[in-house]
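This report concerns only the one structure given below.
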Protein chains: 4
Amino acid sequence: MTGPPTTTQARTRAERLRQELREEIVTAAFEEFSQRGYHDTGIADIAQRLGIGHGTFYRHFKNKRDILDHVVDGLLARILEALAAENAPDAVDTLDEYVEQCRRISGALSEIFSADPRVARMLLLEATSIDAELTERVLGLFDTATALTAAYFMHGRELGYLRADLDVDGTARAVVGVILANLLQGLRTPADREAQRRTADAGLRLMFDGIARR
Amino acid sequence: MTGPPTTTQARTRAERLRQELREEIVTAAFEEFSQRGYHDTGIADIAQRLGIGHGTFYRHFKNKRDILDHVVDGLLARILEALAAENAPDAVDTLDEYVEQCRRISGALSEIFSADPRVARMLLLEATSIDAELTERVLGLFDTATALTAAYFMHGRELGYLRADLDVDGTARAVVGVILANLLQGLRTPADREAQRRTADAGLRLMFDGIARR
Amino acid sequence: MTGPPTTTQARTRAERLRQELREEIVTAAFEEFSQRGYHDTGIADIAQRLGIGHGTFYRHFKNKRDILDHVVDGLLARILEALAAENAPDAVDTLDEYVEQCRRISGALSEIFSADPRVARMLLLEATSIDAELTERVLGLFDTATALTAAYFMHGRELGYLRADLDVDGTARAVVGVILANLLQGLRTPADREAQRRTADAGLRLMFDGIARR
Amino acid sequence: MTGPPTTTQARTRAERLRQELREEIVTAAFEEFSQRGYHDTGIADIAQRLGIGHGTFYRHFKNKRDILDHVVDGLLARILEALAAENAPDAVDTLDEYVEQCRRISGALSEIFSADPRVARMLLLEATSIDAELTERVLGLFDTATALTAAYFMHGRELGYLRADLDVDGTARAVVGVILANLLQGLRTPADREAQRRTADAGLRLMFDGIARR
DNA sequence: CATGAATGAGGTTTCATTCAT
DNA sequence: GATGAATGAAACCTCATTCAT
């Protein structure tokens, strides 16, 4: 027994190795794309980074565009997972719980974006300039985040701990903008984790207190 | 009355035609770049759109990268102008005046971004994927906006109409995120001006009221 | 009266100015061609050197190739003149006179080639790589020199002051090679006039004494 | 018996094919360059001559200039080999031996230049008009020849079979000029081997007898 | 007549993709 | 299945030449 079977269990050893190589290629492509940019990266660069022939690449991915999809898919999946994890909108019933929830989500996103600035670079800068389809997919992430946020707001408004006149959709979009600000901050000063934390905190206080003196 | 002479007045007729063509090329390049993307646009595409020979392009711009700089410069200039116009931080002395100020800036930005969704597309999606220098220039715009916002916050905190414990820098960054949300909204649903207005309004209310019930 | 009329007398003032400009263009082209090379020189470079529009060039010369012909013609004419000047083969009747004649010709050529290393550069290096016709014309100069030399040899052999078994044609070609040696020397060390003089002297002694001890 | 392995023996079959193609490209480039001229030859011409795609060219040579270097290098190597082979200056101790030596070198050069007039055309006409570096390399060949000749003269002067007052360097340069004359002769009348032989012989007699009657 | 803006043929080079080994 | 040699479309850019002003 070598442990429990993973969901993407590969039966044969060959199958397993193949799967591993695929993932290594995706990783290598991510590294090259996020560093040199999609257009300045050649298939040969990716292959060379792995020490494989560049023809081998085409045994695993249809073409250059294909690998990009896989890179982006992986990143999107990680983010969606962080957004969704144990974060059902109706699991929160008070303002304090919601604040706590926001902190948790904020922390999870920080975990991803601050830990590796290349993620934001890849998604925001590179992936949005290839073609409409991919741009759509990345921007769709913001829609998803907006929808999730809106669901929380709706829930909170119904339970009464959020403003009754809250424009659920519009505010959700604005709040997602604050998340974006954090990503940009990570792009600009990758090393300054403190600035990123302060921006996140300021965003939370903005949400719950506004800026005006009371 | 033909109006006051423009600042870039050209004396001779040839000079004027030359200047006009330069500007037409910049416009055509903007249109192509924002639509097909920088990498998928050839110099020939730009020239064809104007009905000029592609060699003519090179009489006016050094190379493909050069025209991109001019396109971006023009857009950045328009935005900076909108941000800076009659908007000195210390011209505002009460919360109401500041809210009004914010509305005005928000409106001016809407004027630019909502009127032409290609501006945001060009700056956010295309210009950020060419090289580090240009990315820097575009992202620098956010720094400028952040600095301006921070100046307002500082002023408001001193005059007492903003929270005394306001994290000026962090909050400024978060608020610029709200502007970003508006840009994104314009990218996603260019035709839906109402959605854009609601996002902008929600952003303002977020700033001044937060979301929690009082 | 402003002096005696030149052979290429121009009647009108306009005609004269035109002629002067033509010559200036030829000179400028020579300077550019011999320095940057024919292919690396643009019509615009030549025009710029004179401070005229490059369209003007085409009012005076058919095309780029045309001006090259004129440059080369001018140089060839100067050289042929030096070779031919008061140097009729039958004006020499003794070995001493012939030696003297050779010295004079050698000196005249030095005057041209050593005074301006660009002449040799232009003729030997540039003009021989454009097309067959021009190469032919430059190499034809050597035929002319050979023919002239052969005439001297023939005359000397008949009058008895040269070897009776002299291979007139072959030797003439070899002797022209000695002249070539001088040109090369000028190309290699343009500043070292002394080396050029020694090469020339050595060539003469080679002709009249050979190298073997007597 | 398939003969001894060449020095550039390639182990694997792929290695060998690659090497062969490289050499074929060099040969094809030589043919095109010497015939149409460097500037009038496109990479496509070279590729077409071999029936390969023009992209293939760039798998083997960095750029157009690179292949020219290789072409010239090959020619220079052949000539230097001919000059140096079994031709040590101090292996000659009498005038007769030296004459014999000169005949041998002259013959070896004829072998190269008369056998293929394109060699002289390539080196003298084409290669000298590309840039300073390459011109330098070709003209350097004459320096080498001059130095070798000078070494012979020095040796002969010391041993007494050459004139005691011989200007070793100047004369060496003049003699190399005679070789040049032979090359030119080959360029002018490639088919007339007899004329080339006569020029060479005349050159030798010039060296050892001069032209004057004794 | 001088000018220089416009032109486009032509050339070099890159690189994603294919396919024989 | 891996490899990398071969391919050629496609892009950028230059510059000799024309011609309207």
Side-chain angles (χ1 to χ4, degrees), chain A residues 14-15 17-18 21 38-48 50-67, chain B residues 12-15 17-18 21-22 38-48 50-67, chain C residues 14 17-18 21 38-48 50-67, chain D residues 12-15 17-18 21-22 39-48 50-67:
Chain A
E15 198 54 37
L17 287 176
R18 180 180 172 76
L21 180 51
Y38 176 74
H39 285 289
D40 290 346
T41 298
I43 297 299
D45 295 317
I46 299 171
Q48 193 166 37
L50 294 174
I52 64 175
H54 64 274
T56 306
F57 172 91
Y58 286 92
R59 300 225 147 258
H60 296 272
F61 296 93
K62 198 149 47 74
N63 51 36
K64 192 180 174 185
R65 183 60 175 67
D66 187 31
I67 183 71
Chain B
T12 73
R13 171 177 154 74
E15 219 19 68
L17 286 176
R18 180 180 175 79
L21 180 51
R22 259 187 82 92
Y38 177 75
H39 285 291
D40 289 344
T41 298
I43 297 301
D45 296 318
I46 299 172
Q48 197 162 36
L50 292 174
I52 63 175
H54 67 277
T56 304
F57 172 90
Y58 287 95
R59 288 190 56 72
H60 295 272
F61 296 94
K62 204 155 37 82
N63 52 35
K64 191 181 172 184
R65 181 54 213 284
D66 188 31
I67 183 71
Chain C
L17 287 176
R18 181 180 171 77
L21 180 51
Y38 176 75
H39 286 289
D40 290 345
T41 297
I43 296 299
D45 296 317
I46 298 171
Q48 196 167 37
L50 293 174
I52 64 174
H54 65 275
T56 306
F57 172 90
Y58 286 92
R59 299 224 150 259
H60 296 271
F61 296 94
K62 201 151 44 78
N63 52 35
K64 191 179 174 186
R65 182 60 173 69
D66 187 31
I67 183 71
Chain D
T12 72
R13 172 176 154 72
E15 222 16 71
L17 286 175
R18 181 180 175 77
L21 180 51
R22 261 186 79 92
H39 285 290
D40 290 344
T41 298
I43 298 301
D45 296 319
I46 298 172
Q48 196 163 35
L50 292 174
I52 63 175
H54 65 277
T56 305
F57 171 90
Y58 287 94
R59 290 191 55 74
H60 296 272
F61 296 93
K62 204 152 43 67
N63 51 38
K64 191 180 172 185
R65 180 57 213 284
D66 188 29
I67 184 71

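Residue numbers begin at 1 in each chain, while the letters A, B, ... track the order of the sequences.
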Separation between NE2 of A:H60 and CG of A:D66, rounded to the nearest 0.5 Å: 12.5 Å
Heavy-atom donor-acceptor pair, B:K64 side chain to B:T41 backbone, under 3.5 Å: yes
Footprint string (nucleotides 3-13 of chain E, 5' to 3'): B base within contact, S backbone only, - free, heavy atoms under 4.0 Å: BBBBBBB--SB
Ring-face cation of D:R22 near D:F61 (centre distance under 6.0 Å, axis angle within 45°): yes
Atom-to-atom span, CD1 of C:I46 to P of F:dC15 - whole angstrom: 13 Å
Closest contact, heavy atoms only, A:D40 versus A:D45: O-OD2, 3.9 Å
Nearest-0.5 Å distance, NE2 of residue A:H54 to CD1 of residue A:I46: 12.0 Å
Nucleotide F:dC12, atom C1' - distance to CG of B:D66 in whole Å: 14 Å
CG-CZ distance between B:N63 and B:F57, expressed to the nearest 0.5 angstrom: 7.5 Å
A:D45 CG to E:dT14 P, straight-line distance once rounded to whole Å: 13 Å
Rounded distance [0.5 Å steps], CD1 in D:I52 versus CZ in D:R59: 11.0 Å
Degree of bending, the helix from E:dA2-F:dT21 to E:dT21-F:dA2 (end axes from five pairs; round to 10°): 0°
Between CG on residue C:L50 and OG1 on residue C:T56, distance to nearest 0.5 Å: 10.0 Å
